[in-house]
Amino acid sequence: MKQSNLFGRTLREAPSDATTPGTQLMLRAAIARPLAAGLYTWLPLGFRVARKVEQIIREEQDRIGAQELRIPVITPAEYWKETGRWDTLEPVSFRTKDHNGRDYMIGYTHEELVMHHARNEILSYRQLPAMVYHFQEKGRDEERPRAGLLRVREFVMKDAYSIDRDWEGLNEQYWAQHGAYAKTFARMGLDAISVESDTGNMGGDVAHEFQVLTDVGEDRLVFCTNCDYKANMEKATRKIESAAAAPSNVPAATPIATPGITSIDALTSSLKIAPKDLLKTLLMKDLTGNVVAIVMPGDRELNEPKLRKVLKTSDVKFANDTDFAAVGAVPGYIGPTLATLAEQGPLPLGLNARLLVDASVETRPYVAGANKKDTHVRDVLPGRDFKGETVDVHDVREGDPCPKCGGRVTIKRGVEVGNIFKFGPYYAEKMKATYLAEDGTHKPLMFGSYGIGIGRAVQTIIETHHDARGIIWPLAVAPFQIHLLPLFSKDESVRESAEVLLKELEFMGLEVLYDDRDDSPGVKFADADLIGIPFRLTVSARTVKENAVELKRRDEEKATLVPRGEIVSKMRSLVGERRR
RNA sequence: CGGGGUGUAGCGCAGCUUGGUAGCGCGUUGCGUUCGGGACGCAAAGGCCGGCGGUUCAAGUCCGCCCACCCCGACCA
């Protein structure tokens, strides 16, 4: 491939809105170009990388017996309506109608469609297990695309679906995919680790995400510094010391005047106590508008995914003024319902809402809101003065004890490059997808789903494989294997020599980008470093004179001279025996 | 969807406070000289100053509305 013909030019400076190092390099190296917010065109260089990433995934999927098929991008509404996702995906999906007015969605994902085909193709247990996958565009009207290809509104995903008879079969396929994912990411140079993740509200108890640690990651991950515990923040828990017996000498709860003091900060400074000695009470509501009160220590943060799971809802929001009024809450002075004080008269009845008490609330006296303007209450003893359902809805934080071994946990950022998920019978039950079992009964198909985002993988490779000069592609996914740079001079022998070498390398099936541009050496070297092809070969008057070729690996500083007679076989062995 | 920011030549930016001829660097085109780490000279092309409306003799600059893009938070591969 002649570089002068390459569609897409390198940029000396990155556009100012490219913020992450990888995004800047992705744009500068002509991997992809933005078309609109969250919509990117692969340029030829990037598309070659994407195809190699796909091929690695394909090989590893095939290896565990998954079969490739292809489901359309445009999907009819009827299947989504069967599971109710026609409505729940409304805010985040692209939709259209045909000329007859029928509704369609650009596939947000493809579970419903796979399940539809499965119920038609699979009638008997004899046809199970089955596993299929495809590479297909997903359309997601993300509210906030970011960081180049990391989060976009249209992207190719490899999504695989396993279908089996029972949990045991599902489990086997799940772990087969887990193994395939580990190999897949390793092959493309991604150091991905599997962490437990939230299963959302679609049933199933196990899900893993494959995460690559990098500061540009959107997810926060909790690791134990002592054992192998690792989990997404959305799922992570911490060890909580078993509740100590309630201290017996706690005075009765007493209202105190706190005029105008409505925040944790204000309370800590005016009462001279620490945030951890305060109780904060949050009012949240679920999708259907039910309001719940959550009591947690003043120094802890609410974890919304955990709360959603407790409430079995797909969305939670902070309550608004109307909600406050409806449950009898006073903004700034909200607290758990203190039954005794309410009965005795000094305080109003309290909240008319379901009360959840976070597990991090200890059995010791706290200061809490009184549900009365300008008033708090001291010596509030959980269990004695109020009761609620104990739930774990707080964020784990740096230094908390590990739930597994009690060691300290640490928090890092990561990019989710893949996830695997056991749905179980969830979709089959919604879509009446059953098979005839050996015992003559109809049973639901057990379902698992497994996704990898291609563009995100490519962007993550760049984010984790670069230096100040440019990208450093792992050989397996590099757009080309060899970058051949002739340093032209008056002496035509350089051009002749380079072009003969090019032919020989290409004849061996090696992928070569040939920089035939009439530019100065500095420009060529700088572009070569930017584009990041693993092996750079330089042919110049100097090397021709010595009957040699200069070889430099992108990931090493030093270059070596290789005799002309050996260079082709040397490159062949460096790149590997793989032929097209 | 909440909060913040930015729109001026292909890219990076200045000009806006204080209204009066649209600029700089890089890149691009032509010619010449160079040729091992983003070369040099000469000449040139390239802008509806995001859009619409307003104020004004006069708007890139002031005012209003809209649009687009980016960043931070909540959701996803």
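Here the structure is a predicted model, which means the values were calculated and not measured. Below, chain A is the first sequence line, B the second, and so on; all start at residue 1.
Shown here, B:A14 forms no base pair; nothing in the strands shown gives a Watson-Crick or G-U wobble contact with both key distances under 3.5 Å. Nucleotide B:A68 forms a Watson-Crick or G-U wobble pair with B:U6, both donor-acceptor distances falling under 3.5 Å. In this structure, B:G73 forms a base pair with B:C1, meeting either the Watson-Crick or the G-U wobble geometry with both donor-acceptor distances under 3.5 Å. A 3.5 Å limit on both hydrogen-bonding distances identifies no Watson-Crick or G-U partner for B:A22. Partner assigned to B:A43 is B:U29, using Watson-Crick or G-U wobble distances below 3.5 angstrom. Across all strands shown, B:C35 forms no Watson-Crick or G-U wobble pair with both distances under 3.5 Å.
Under 4.0 angstrom from either OP1 or OP2 of B:C76 there lies no side-chain N or O belonging to A:Arg153. Note on A:Arg12: a side-chain N or O is less than 4.0 Å away from OP1 or OP2 of B:G27. Remark: A:Ser520 is not in phosphate contact with B:C35, judged by side-chain N or O atoms under 4.0 Å from OP1 or OP2. For B:C70, neither phosphate oxygen OP1 nor OP2 lies less than 4.0 angstrom from any side-chain nitrogen or oxygen of A:Thr19.
Computed from coordinates, the A:Glu154 CD to B:A77 P distance equals 17 Å when rounded to whole Å. Between the CG atom of A:Asp515 and the P atom of B:G36 there is a distance of 15 Å, rounded to whole Å. The CG atom of A:Asp518 sits 13 Å away from the P atom of B:A39 (whole-angstrom rounding). Note: CG (A:Leu25) to P (B:G38) measures 19 Å, nearest angstrom. Atoms NZ (A:Lys138) and P (B:C75) sit 22 Å apart, rounded to a whole Å. Rounded to an integer number of Å, the gap from CD of A:Glu557 to C1' of B:G37 is 12 Å. Rounded to an integer number of Å, the gap from A:Arg517 CZ to B:G27 C1' is 13 Å. Regarding A:Leu89, its CG atom lies at a distance of 15 Å from the P atom of B:C75, rounded to whole Å.
In this structure, A:Val156 and A:Ala37 both approach RNA chain B, and ranking their closest nucleotides by distance from the 5' end singles out A:Ala37. Each of A:Leu487 and A:Ala147 was assigned the nucleotide of RNA chain B with the nearest heavy atom; the assignment lying further toward the 5' end belongs to A:Leu487.
Checked against B:A39, B:G36, B:C11, the side chain of A:Arg536 finds its nearest nucleotide in B:G36. Between B:G38, B:C72, B:G73, one nucleotide has an atom nearer to the side chain of A:Arg146 than all others, and that is B:C72. Each of B:G36, B:C69, B:G12 was ranked by its minimum atom distance to the side chain of A:Ala36; first place goes to B:C69. Among the nucleotides B:A77, B:C71, B:G37, the one closest to the side chain of A:Lys552 is B:G37. When distances are taken from the side chain of A:Glu13 to each of B:C11, B:G73, B:G36, the shortest belongs to B:C11.
Contact of A:Arg9 with B:G38 (side chain to base): no donor-acceptor pair of N or O atoms is detected under 3.5 Å. Taking 3.5 Å as the limit, the base of B:C75 and the side chain of A:Arg151 contain a donor-acceptor pair of atoms between them.
Per the stacking criterion (ring centres < 5.5 Å, plane angle < 30°), A:Phe155 stacks onto the base of B:A77.
Here A:Glu209 lies out of heavy-atom contact (under 4.0 Å) with every strand. No engagement by A:Pro486 is indicated, since no non-hydrogen atom pair under 4.0 Å with the nucleic acid exists. Counting non-hydrogen atoms under 4.0 angstrom, A:Thr543 reaches a base of the nucleic acid. Counting non-hydrogen atoms under 4.0 angstrom, A:Asp159 reaches nothing in the nucleic acid. Residue-level contact check: A:Val212 touches neither bases nor backbone, having no heavy atom under 4.0 Å from any strand. Looking at heavy-atom distances under 4.0 Å, A:Val417 makes contact with sugar-phosphate atoms alone, never a base. Within 4.0 Å (heavy atoms only), A:Ala18 reaches no atom of the nucleic acid at all. Looking at heavy-atom distances under 4.0 Å, A:Arg28 makes contact with a base.
Among A:Ile454, A:Val212, A:Ile452, the one residue that satisfies the side chain to side chain contact (heavy atoms under 4.5 Å, CB included) test with A:Val417 is A:Val212. Partner of A:Gln55 under the side chain to side chain donor-acceptor pair (under 3.5 Å) criterion, out of A:Arg51, A:Glu59, A:Lys52: A:Glu59 alone.
Figure legend: A:Lys2 and A:Tyr514 shown without cation-pi pairing, the cationic atom not lying both under 6.0 angstrom from the six-membered ring centre and within 45 degrees of its axis. Both the sub-6.0 Å distance and the 45° axial angle are not jointly satisfied by A:Lys552 relative to the ring of A:Phe535.
Counting heavy atoms from C-beta on, the side chains of A:Glu60 and A:Arg187 come closer than 4.5 Å.
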Subject >> Residue pair A:Glu54, A:Lys158: steps toward the salt bridge (charged side-chain N to carboxylate O under 4.0 Å, His left out) verdict >> reply: CA-CA 8 Å; A:Glu54 283 188 11; A:Lys158 182 287 300 179; over 6 Å; no
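Annotation for A:Phe94: atom CZ counts as buried by contact number, over 12 foreign heavy atoms lying within 6.0 Å. For A:His178, the NE2 atom is densely surrounded, since the number of other residues' heavy atoms within 6.0 Å is greater than 12.
On the P atoms, B:G25 is 15 Å away from B:A44, given to the nearest whole Å.
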